[in-house]
Peer 1: 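Got a structure here, written out as structure tokens. Questions coming.
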Amino acid sequence: MPEGTGAATTGADRGLDVPLVRLSGITKRFPGVLANDEVSFDIRPGEVHALLGENGAGKSTLIAILSGVLQPDSGRIEVNGRPVRIASPRDAIRLGIGTVYQHSTLVPTLSVVQNLMLGQRWWRPLGRAAALARLAELSALLGVRVDPDATAGSLSLGQQQQVEIVKALWRGERVLVLDEPTSMLTPQGVEELGQVMARLAARGFGIVFVSHKLQEVLAFGHRVTVLKLGRKAGEIPPARLSALSPAEATAEILDLMFGRGAADPEAPRRRASTIRADDAPLLEVEHLSAGEGAVQDVSFTLRPGEILGIAGVDGNGQKQLAEALAGQLRAEAGRIRFAGRDITRLPVARRHALGLRYLTDDRLGEGTVGGFAIGTNLVMKRVGEPPFWAGGFERPARIAAHARELIGRYDVRTPGPEVPIATLSGGNIQKALFGRELSGEPRLLLANKPTYGLDVANIRAARDRISAAAAAGVACILISTELDELLELSDRIAVMYRGRIAGIVGNGPDAERAIGRLMVGGA
Amino acid sequence: MDALFTNAFLVAFVSGTIAASLPLLLAGLGEQMSEKAGVLNLGLEGMMLVGAFCGFAVALETGSFLLGFLAGAAGGMAVAAMMAALCVALPLNQIVVGIALTLGMQGATSLAHHVLYSRTFPRLPRQPEVALPLLSQIPVLGPSLFTQNPVVYLALLLVPAAAWLYRATNIGLNLAAAGSKPAALDLAGVSVTATRAFAVLATGALGGLGGAYMANIGAGLFVPFMTGGAGFMAIVIAMLARGRPAWVLGGALLVGFATSITTALQVAGFNIPTDLVLMLPFGTIMLVLTLFGRRAGLPAALGLPYHRGAR
Ligand SMILES: Nc1ncnc2c1ncn2[C@@H]1O[C@H](COP(=O)(O)OP(=O)(O)OP(=O)(O)O)[C@@H](O)[C@H]1O
Ligand SMILES: [Mg+2]
């Protein structure tokens, strides 16, 4: 466990009224966007302070300022009542602030333990043995199981996120800042993180917790602050929060986020099936194996308008299955037929042209080229094709018009199609990718964790889009670790376990229990 | 044909290989460190030239072999300091600055040579050598292989030292992170600028040392453009070595071998056109590049400037 040896003395010593960190009047402007507008935010000892807001509201920007990554245009930061300047990430670490950033900060070529050791003074010995011991301790605490010598890049995104959390605990001595730390975790991982946060809070830590999932916020948060368009829309102090029933608290938070009268977008509903029973199967997968054992002997069929959910604990071969179907991973055995045609050996571009679309879960790594304009990213998979290219020449006006249309239709919050896509907030990048994959004439949508990082309103919109696509005859494969999502959208749900399909269940009242059993390897 | 295997041939061949490999080894180890940290250091050729000039000038002036080498390293570091200021601190485009520095230093050293030495063409006396006990007693090859200038032993010791640095120290971790994902290093609280600047300066020192070896040991004099592309060859060797110092040694020996076999063949009485002779080392590098270049596995952020907070 991190011990309180840092410069920061605990606020608890002086009573709970002095916050560990106080941000006041923070303003941060980017070209065309006011990301933070006079925001005030306190981190108090013993408190989990949940920070909410729709995609692009300015949460990550506020956290970047708190962690020394960005400098505010104006505003004050106080630590233990004394004004400070957090000029660099090093300053933040020195003040005892450890951060899990929204996007990966692991060095993919270094091992897990090397990533954790990174940041020691250069003249010190590496201290590998001590680091391994500490990793074992923190792993046990968080229920993390990773090989310390595995290279970070070879881990699943869920495991990477766990390592990020370990890393923040490693550095944070008084304050933990967690920007969407649960987006890739299993329900069990979320539960364990919640317990750790509670335990650390009890020891006087101040914790900032960003999440789009209201149940998590209500379960773990003591205080809630909501940002909207860069401004603080409201704050619910602990006394009030604990007095409210979960339903009342949800309603109040949604009011703050989206305005009065917003319906609870998380209310479960089940989609009516849109399969046309007399259609021939669109996709037939027979005994597919890929990725050196990651996918083994997988068979299923899919009809137009059908949504097949793929459940399973993250890392059981779901990603490799998607990549094999999309053509990014070579099939080692088996066959894939699409609209009656064998596509097992077709390259990515040909499959795309046939209408097979893959929405990746690695939106910054393989989904986009961060430094390129949004407009360019939106036609990335159609380079050279009309109407965006003619006779080998790019047609910027067509590309921009296409981008503007998708930006409008998919509600991507951005100053315009010419800004680099990496400057968008995480959720807005996801919306843009959604637009890209559903434009043109999709026949099969392969969506890997399509709603992670989206705010509740956008999750609703994204799920509605998937239903609408299915209603229009598009077949969908929906990979998700969110059971609610699968139960809401799918016609059938396949459960993956150790690379195989452990079973396929029809969606119905008993599905949840059956899936739970299959997920842990039961029959 | 028998002449091929005379003792004279072997001795000339072995000492030629060492003389040709050593500057490549030093400069290649240096370049490898820059590349690890994400800086493609095309100023290396310029650093070697300045190292050669300073090393020669100081050794000539003071008569001290040691001061000569120190001056060579310092000269290389001075050029590296410019590279670090422009490409790491500012940071400007590494390729443009690197080429500009190389061209600038070619001009500067030629000019200095013209002013100082073009009338007298001074030469250095033979530099001190150290014979390793026992090993140098081995018949035939022993004396030529194991009686060398101390710089040679230093360079060879640098190979395991660099490997240890990369594997077992915080500096090694920082260098790897700076080249692979600088943002991660910065967020961990380590200055990317300082890490990269350190690597570039170390490259300058090693490149300068390599240059000084060429002038003071290899040739015993300084002539303009005397490095003759060795800096660029060292860059290629470093790229192919995929972060492993032992592979730099292998690459340097291979190119040194190709360089010296041509001279040795001439010594042995074969009449090969000199143009062909001069091409052989470059041809070797091109062959290696086509065979292994694709798997070079360079650091992800190589050549990219780092700006904090830029997304
Ligand atoms: N480096 C940058 N350059 C330009 N604009 C930026 C930059 N960083 C953030 N922005 C803009 O600032 C706004 C706030 O972004 P931020 O990442 O803070 O949102 P967020 O609340 O974290 O959203 P999400 O829930 O989607 O992660 C967005 O409109 C974004 O496009
Ligand atoms: Mg964010």
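Because the structure is predicted, anything quoted here is derived from the model rather than measured.
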Peer 1: State, with a plain yes or no, whether a side-chain heavy atom of Asp147(A) is found less than 4.5 Å away from one of Val112(A).
Peer 2: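 Heavy-atom side-chain distance check fails, nothing below 4.5 Å.
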Peer 1: Among Thr195(B), Leu187(B), Leu185(B), which has the most heavy-atom pairs under 4.5 Å with chain A?
Peer 2: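 Ranked by heavy-atom pairs under 4.5 Å with chain A, first place is Leu187(B).
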Peer 1: What pairs with Asp186(B) under salt bridge (charged side-chain N to carboxylate O under 4.0 Å, His left out), at least two apart in sequence or on another chain?
Peer 2: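 In terms of salt bridge (charged side-chain N to carboxylate O under 4.0 Å, His left out), with neighbours along the sequence ignored, Asp186(B) is linked to Arg308(B).
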Peer 1: When you measure from the centre of the six-membered ring of Trp247(B), is the NZ or CZ of Arg242(B) closer than 6.0 Å and no more than 45° off the axis?
Peer 2: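 Pair Arg242(B)/Trp247(B) does not count as cation-pi.
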Peer 1: Measure Ala183(B) against the heavy atoms of chain A and call it side chain, backbone, both or neither at under 4.5 Å.
Peer 2: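 Neither part, no heavy atoms under 4.5 Å.
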Peer 1: Between Leu70(A) and chain B, which part of the residue has a heavy atom less than 4.5 Å away: side chain, backbone, both or neither?
Peer 2: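 It is the side chain, since no backbone atom gets that close.
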Peer 1: State whether the side chain of Lys167(A) and the backbone N or O of Val100(A) hold a donor-acceptor pair below 3.5 Å, judged by distance alone.
Peer 2: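 No; judged by distance alone, with no hydrogens or angles, the pair does not exist.
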Peer 1: Do the non-hydrogen side-chain atoms of Ile77(A) and Val21(A) ever get within less than 4.5 Å of each other?
Peer 2: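 Ile77(A) vs Val21(A): side chains touch.
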Peer 1: Determine which pairs satisfy side chain to side chain donor-acceptor pair (under 3.5 Å) with at least one residue from residues 117-129 of chain A, sequence neighbours left out, and list them in order.
Peer 2: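 Listed once each, the pairs are Gln120(A)-Asn170(B), Arg128(A)-Asp149(A).
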Peer 1: Which residues, numbered in order, of residues 78-101 of chain B come under 4.5 angstrom of chain A by heavy-atom distance?
Peer 2: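 Residues of residues 78-101 of chain B touching chain A at under 4.5 Å: none.
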Peer 1: State, without any angle test, whether Thr368(A) and Asn377(A) hold a side-chain donor-acceptor pair at a distance under 3.5 Å.
Peer 2: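 Side-chain D/A pair, Thr368(A) to Asn377(A): absent.
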Peer 1: If a pair satisfies side chain to side chain donor-acceptor pair (under 3.5 Å) and one of its residues is in residues 151-169 of chain B, list it, with sequence neighbours excluded.
Peer 2: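 Of all non-adjacent pairs touching residues 151-169 of chain B, none passes side chain to side chain donor-acceptor pair (under 3.5 Å).
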Peer 1: Against chain B, label Leu106(A) side chain, backbone, both or neither, depending on which of its atoms sit under 4.5 Å from a heavy atom there.
Peer 2: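 Just the backbone, heavy atoms under 4.5 Å.
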Peer 1: Using non-hydrogen atoms only, which part of Ser67(A) is less than 4.5 Å away from chain B: side chain, backbone, both, or neither?
Peer 2: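 Interface part for Ser67(A): neither.
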